[in-house]
Every structure is written in C-alpha cells, then in structure tokens.
Amino acid sequence: MAMNVDRFINDAISEIQREVKGRAIIGLSGGVDSAVCAVLAHRALGDRLVPVYVDSGLMRQFESDRIEQLFKQLGLVRVNVQDRFLDALTGIEDPEEKRKIVGETFIRVFEEEARKIGGDCLIQGTIYPDRIESEGGIKSHHNVGGLPSTMEFKTILEPLRDLYKDEVREVARALGLPLEISERMPYPGPGLAVRIVGEVTREKLEIVRRANAIVEEEVMKFKPWQAFAAILGKATGVKGDNRVYGWVVAVRAVTSRDAMTADAMELPWEVLRRISSRITGEIPMVARVVYDLTPKPPGTIEFE
Ligand code: XMP
C-alpha cells in the first residue's frame with residue numbers, strides 16, 4: 001500500500017505537538033531515520049527541541065564532524081563520551097549484552113542532557129523493522145530491546161514507528177533533506193561495536209574504522225544497500241619475510257529492499273582484489289581479508 005507522504009508529515013507533526021508539552025530531546029545519529037525525525041520534530045516544536053548527537057567513539061571515520069556540520073542549524077548539541085562507551089564495553093563479548101550496554105549508555109547521556117534543559121521527553125527515529133527484529137527476538141536493536149528497564153523520561157515518542165526504510169527516504173525527499181542524507185545507507189546505532197566480533201578495544205576500533213573507509217571508497221559506486229568492514233578474530237599471515245598473527249577483516253556488501261532479507265552483492269573480482277590488497281597494505285595489523293557470501297537468512301546483515 002502506497003503511503004501518502006504529505007498526510008504522514010502533517011500527522012506526525014500534530015502527534016508531536018500533542019504529546020510534547022515542554023521541551024524534548026531527540027537522539028540524532030546522522031542517519032536518515034533520526035534526521036527525518038529531527039526535521040519533523042523541529043517543525044513541530046521549534047527551539048523547544050534539542051537535537052543531541054552522541055559521539056560514542058563507535059562511529060565511522062570523519063562522521064562526527066560531518067554530522068555536526070550538517071545539523072548545526074538545528075541547534076545540535078554534540079556530546080563527546082567516547083571513553084565512557086569504551087569503558088562500559090570493556091571485557092564484554094556477548095553481542096546482546098553489548099547492544100544493551102550501548103542502549104543504556106545512550107539513554108543515560110540523553111537523560112543528562114534532558115536534565116540540563118528541563119525536558120522529560122525523548123524522541124527517537126525507531127522504524128518498523130527495528131521493532132520487528134527486537135520483538136521477534138532476533139536482535140535487541142539498541143533503541144528498542146536494548147533500552148534499560150528504568151528511565152527518567154516520561155514520554156518516549158517514535159513518530160516513524162510504522163515506516164519501512166524506503167518510506168522514510170520518501171519522507172526525507174519530501175522534506176527537502178539533502179541527498180547525502182535521504183539516500184544514505186543504513187548504519188546500526190551500536191555502530192562499530194557490532195562490527196567487532198567479541199570484545200571492543202581501541203586497537204580493533206581503529207582497524208575496523210580504517211578498513212570500513214576503504215570498503216566504502218571502493219563499493220559505494222555500486223549502490224549497495226549496505227557495505228562495510230568487520231573484524232572477526234586473528235589468523236596467521238606473512239608480510240614481507242615475516243610471520244604476522246594479525247586481524248581477519250570481513251568485507252560485507254549486500255543488496256536488500258527492507259533489511260528483512262538480503263543478498264550478498266556480486267562485486268567484480270578486481271574490486272574485491274583491490275579491497276583486499278588495500279586493506280592488508282594500508283593497515284599493518286591485518287593479516288587476511290574475507291568476503292562474506294551469506295544471504296539473510298541464514299546470515300544477518302551485521303555480524304553480531
Ligand atoms: P541485521 O543485522 O539484523 O540488520 O540483518 C538489519 C538492519 O538493522 C541494522 N541494525 C541495527 N540498527 N540498532 C540499529 O539502529 C541496532 O542495534 C541494529 N542492529 C542491526 C543493520 O545495519 C541493518 O540495516
């Protein structure tokens with residue numbers, strides 16, 4: 001069933017005005033969902049809305065500065081809490097536990113910011129598939145199943161809760177958001193934490209961030225649904241004349257319509273070969289690069 005975009009926009013703005021009496025915080029990650037939500041909430045509330053960008057240290061290369069730049073006209077507040085996230089994640093290997101820690105840390109930061117402005121409402125860009133995957137027990141998306149059981153917020157408002165990603169993009173275009181936002185590929189809220197299989201460390205974050213930048217540089221022109229790098233573990237390799245026991249980087253590029261199912265992308269062999277030689281050549285501690293061929297199901301898009 002086709003969505004009536006204009007009606008959706010008007011209804012969402014009315015809902016926000018009805019539900020929010022005082023001031024509200026919106027968690028803005030720079031992705032299309034939270035950006036659409038922020039523009040709708042800004043239209044509804046004006047400067048009673050404070051968009052908060054949490055620099056968790058789990059973001060891609062150059063991302064935080066880019067987002068600060070893009071949204072400064074909405075009065076964006078940037079909170080730098082990289083160490084807090086890393087400390088909370090130290091020693092944690094289980095993916096669901098990692099998501100819950102990330103979800104809780106986000107909420108605590110939002111609560112602190114809400115206290116500063118005297119607001120008790122949190123607006124989030126949660127969309128329909130986030131809820132389905134969390135409720136179906138597949139993954140506790142950090143902004144749904146990963147939320148802590150007690151929160152200071154009186155209201156949590158999710159204006160995009162019934163939309164699929166392609167519908168959110170339609171709304172983004174109708175709102176006049178720039179292409180780099182409306183067409184931006186999805187990125188998970190827990191970010192690089194779910195692209196490091198096992199414990200998150202500073203070293204692994206640095207490596208996966210650099211590898212990811214290479215994958216994006218080489219693959220985005222093929223218009224994947226998502227393309228990224230992840231760290232799987234360690235393996236033996238040889239560089240120059242020396243044995244290295246280095247990291248195994250997985251490259252994943254998928255096509256999809258709504259993230260509920262996905263297929264591995266058939267990238268040209270020379271592109272895969274260039275990605276492999278760039279990652280092992282430009283990042284000293286990487287010993288191997290593998291390409292993930294698994295569709296969803298039985299795989300998922302992210303590794304954790
Ligand atoms: P999976 O890995 O379940 O991912 O196939 C489906 C889509 O959801 C994204 N994803 C997340 N997004 N919080 C999010 O905001 C999360 O915890 C999360 N986990 C996965 C993933 O990137 C893909 O687009």
Side-chain angles (χ1 to χ4, degrees), residues 26-38 53-54 56 58-60 63 67 85 88-89 92 94-107 110 122-148 156 158-161 163-169 181 183-197 200 208 212 215-216 219-220 223-230 232 250-265 292-304:
I26 178 158
L28 191 94
S29 69
V32 61
D33 306 340
S34 64
V36 162
C37 221
Y53 172 72
V54 177
S56 58
L58 305 171
M59 301 300 281
R60 286 166 287 185
E63 192 68 357
I67 290 163
F85 275 84
L89 287 165
I92 309 296
D94 178 72
E96 285 293 276
E97 217 181 315
K98 282 159 78 174
R99 273 199 169 73
K100 292 211 157 84
I101 288 172
V102 170
E104 162 140 30
T105 311
F106 267 114
I107 289 291
F110 291 142
L122 174 70
I123 304 178
Q124 296 205 116
T126 311
I127 65 171
Y128 185 65
D130 297 347
R131 294 197 291 135
I132 292 303
E133 301 228 346
S134 288
E135 284 159 15
I138 298 168
K139 291 184 185 183
S140 305
H141 279 220
H142 77 292
N143 49 346
V144 189
L147 292 180
I156 293 199
E158 298 178 325
L160 311 184
R161 61 190 170 270
L163 301 194
Y164 281 96
K165 189 69 104 185
D166 52 350
E167 294 174 319
V168 182
R169 292 195 201 284
I181 294 174
E183 311 313 311
R184 195 153 176 77
M185 74 174 159
Y187 183 73
L192 302 177
V194 291
R195 293 181 177 176
I196 292 170
V197 174
V200 177
V208 77
N212 191 73
V215 173
E216 287 195 15
V219 178
M220 289 321 288
K223 301 201 184 311
W225 170 270
Q226 274 173 272
F228 59 88
L232 302 185
V251 175
R252 183 119 170 98
V254 296
T255 55
S256 179
R257 207 186 66 79
D258 54 14
M260 306 293 276
T261 61
D263 274 312
M265 205 171 191
D292 187 353
L293 301 174
T294 325
K296 174 185 181 175
T300 55
I301 295 178
E302 306 292 343
F303 281 78
E304 288 204 326

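Index from 1, following the sequence. Basis for what follows: all heavy atoms, side chains included, without hydrogens, waters or symmetry-related copies. Both counts, for ligands and for their atoms, begin at 1 and track the order of listing.
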Within a 6.0 Å radius of atom OH on Y128, are there more than 12 heavy atoms belonging to other residues, nucleotides or ligands?
no
Carboxylate-amine/guanidinium contact E133 K296, below 4.0 Å
yes
Closest non-hydrogen atoms of F110 and V54, given as atom of the first, atom of the second and distance, are CE2-CG2, 3.6 Å
Under the salt bridge (Lys or Arg N to Asp or Glu O under 4.0 Å) test, which residues partner D130, sequence neighbours left out?
none
What does the contact table look like for ligand 1 (nitrogen or oxygen on each side, cut-off under 3.5 Å)?
from: ligand 1; atom 1: 2 (O); to: K139; atom 2: NZ; distance (Å): 2.6
from: ligand 1; atom 1: 2 (O); to: I301; atom 2: N; distance (Å): 3.3
from: ligand 1; atom 1: 2 (O); to: E302; atom 2: N; distance (Å): 2.8
from: ligand 1; atom 1: 3 (O); to: E133; atom 2: OE1; distance (Å): 2.8
from: ligand 1; atom 1: 5 (O); to: K296; atom 2: NZ; distance (Å): 2.7
from: ligand 1; atom 1: 5 (O); to: I301; atom 2: N; distance (Å): 2.7
from: ligand 1; atom 1: 13 (N); to: H142; atom 2: ND1; distance (Å): 2.9
from: ligand 1; atom 1: 15 (O); to: G189; atom 2: N; distance (Å): 3.2
from: ligand 1; atom 1: 17 (O); to: R99; atom 2: NE; distance (Å): 2.8
from: ligand 1; atom 1: 17 (O); to: H142; atom 2: N; distance (Å): 3.1
from: ligand 1; atom 1: 19 (N); to: R99; atom 2: NH2; distance (Å): 2.8
from: ligand 1; atom 1: 22 (O); to: Q226; atom 2: NE2; distance (Å): 2.9
from: ligand 1; atom 1: 22 (O); to: E302; atom 2: OE2; distance (Å): 2.5
from: ligand 1; atom 1: 24 (O); to: Q226; atom 2: OE1; distance (Å): 2.6

Taking E63 first and then R184, would you say they form a salt bridge - that is, a charged N and a carboxylate O separated by under 4.0 Å?
yes
When you check the gap from the basic side-chain N to the acidic O, do E216 and R60 get nearer than 4.0 Å?
yes
